[in-house]
Amino acid sequence: MNKNFTLTNGKTIAQVEQEMKLGIEKLYLDAWAKGVSVPYCDENYQLHLANPDGSDDLVDFDTETKTYKFLSRDAETGNGRFAYLLKK
């Protein structure tokens, strides 16, 4: 689809995507400022936690107990998927 296509709200698809990206980044930064890890799914639908130190953990979520089980460390401090936000 053409990212310069204008939607009925007067914005282009590219503008809406950029606004969404900034909004999501703000959610991560706000959560991290409170010391909260943020869950996200990767392209293989595996659940990860993006941690306030910029690391990532692969986890399993138990829907009955609503708890996370740590499986492995995916990225060390400052090298996680969203660590670039800490450098802004």
| query | Should Asp62 and Thr65 count as side-chain neighbours, where that means a heavy-atom distance under 4.5 Å? | reply | yes
| What pair of heavy atoms forms the shortest contact from Cys41 to Arg81, and how long is it? | O-NH1, 3.8 Å
| Salt bridge between Asp30 and Lys26, side-chain N to carboxylate O under 4.0 Å? | yes
| remark: Shortest non-hydrogen pair, Asn79 vs Ala75, comes out as O-CB, 3.4 Å
| said: As an exercise, state the distance from CG of Asp42 to CG of Asp74, rounded to the nearest 0.5 Å. | reply: 8.0 Å
| Does Trp32 reach the main-chain N or O of Ala50 with its side chain, forming a donor-acceptor pair under 3.5 Å? | yes
| Checking Asn44 side chain against Gln46 main chain: does a donor-acceptor pair fall under 3.5 Å? | no
| query | Have His48 and Asp57 got a donor and an acceptor in their side chains that come within less than 3.5 Å? | reply | no
| Non-hydrogen side-chain atoms of Leu27 and Val38 separated by less than 4.5 Å | no
| Pairing of Glu25 and Lys21 as salt bridge, 4.0 angstrom limit | yes
| Nearest non-hydrogen partners of Lys87 and Gly78, listed with the distance | NZ-O, 3.5 Å
| query | Pick from Glu19, Glu17, Gln18: which one makes a side chain to side chain donor-acceptor pair (under 3.5 Å) with Lys11? | reply | Glu19
| message | Is there a continuous path of hydrophobic side-chain contacts, each under 4.5 Å between heavy atoms, that joins Val16 to Phe5? | response | yes
| So which heavy atom on Gly54 is nearest to which on Ala83, and how close? | O-CB, 3.7 Å
| message | Do Tyr68 and Ser37 have side chains that approach each other closer than 4.5 Å (heavy atoms only, starting at C-beta)? | response | no
| query | Between Phe61 and Val59, does a side-chain contact (heavy atoms from CB on, under 4.5 Å) hold up when you go through it step by step? | reply | CA-CA 7 Å; Phe61 183 69; Val59 295; 5.9 Å; no
| Donor + acceptor pair across side chains of Thr77, Asp53 (<3.5 Å) | yes
| task | Quick one: closest heavy-atom pair of Leu86 and Pro52, and the distance? | result | CD1-O, 3.7 Å
| Are any of the side-chain heavy atoms of Gln15 and Leu7 separated by less than 4.5 Å? | no
| said: Can you confirm whether the side chains of Asn51 and Asp56 place a donor and an acceptor under 3.5 Å from each other? | reply: no
| request: Please indicate whether Glu64 has more than 12 foreign heavy atoms, meaning atoms of other residues, nucleotides or ligands, lying under 6.0 Å from its CD. | output: no
| query | When you look at Tyr40 and Phe82, which way does the ring-ring contact (aromatic ring centres under 6.0 Å, His included) test go after all the steps? | reply | CA-CA 10 Å; Tyr40 72 89; Phe82 296 97; 5.2 Å; yes
| query | Minimum heavy-atom separation for Phe70 to Ser72, with atom names? | reply | CZ-C, 3.3 Å
| said: Let me confirm one number: the CG-OG1 distance from Asp60 to Thr67, rounded to the nearest 0.5 Å. | reply: 8.5 Å
| Gap between atom CG of Asn4 and atom CD1 of Ile13 - 0.5 Å precision | 9.0 Å
| For the hydrophobic clusters of this structure (ILVMFWY residues joined by side-chain heavy atoms under 4.5 Å, transitively), does one cluster hold both Leu71 and Leu49? | no
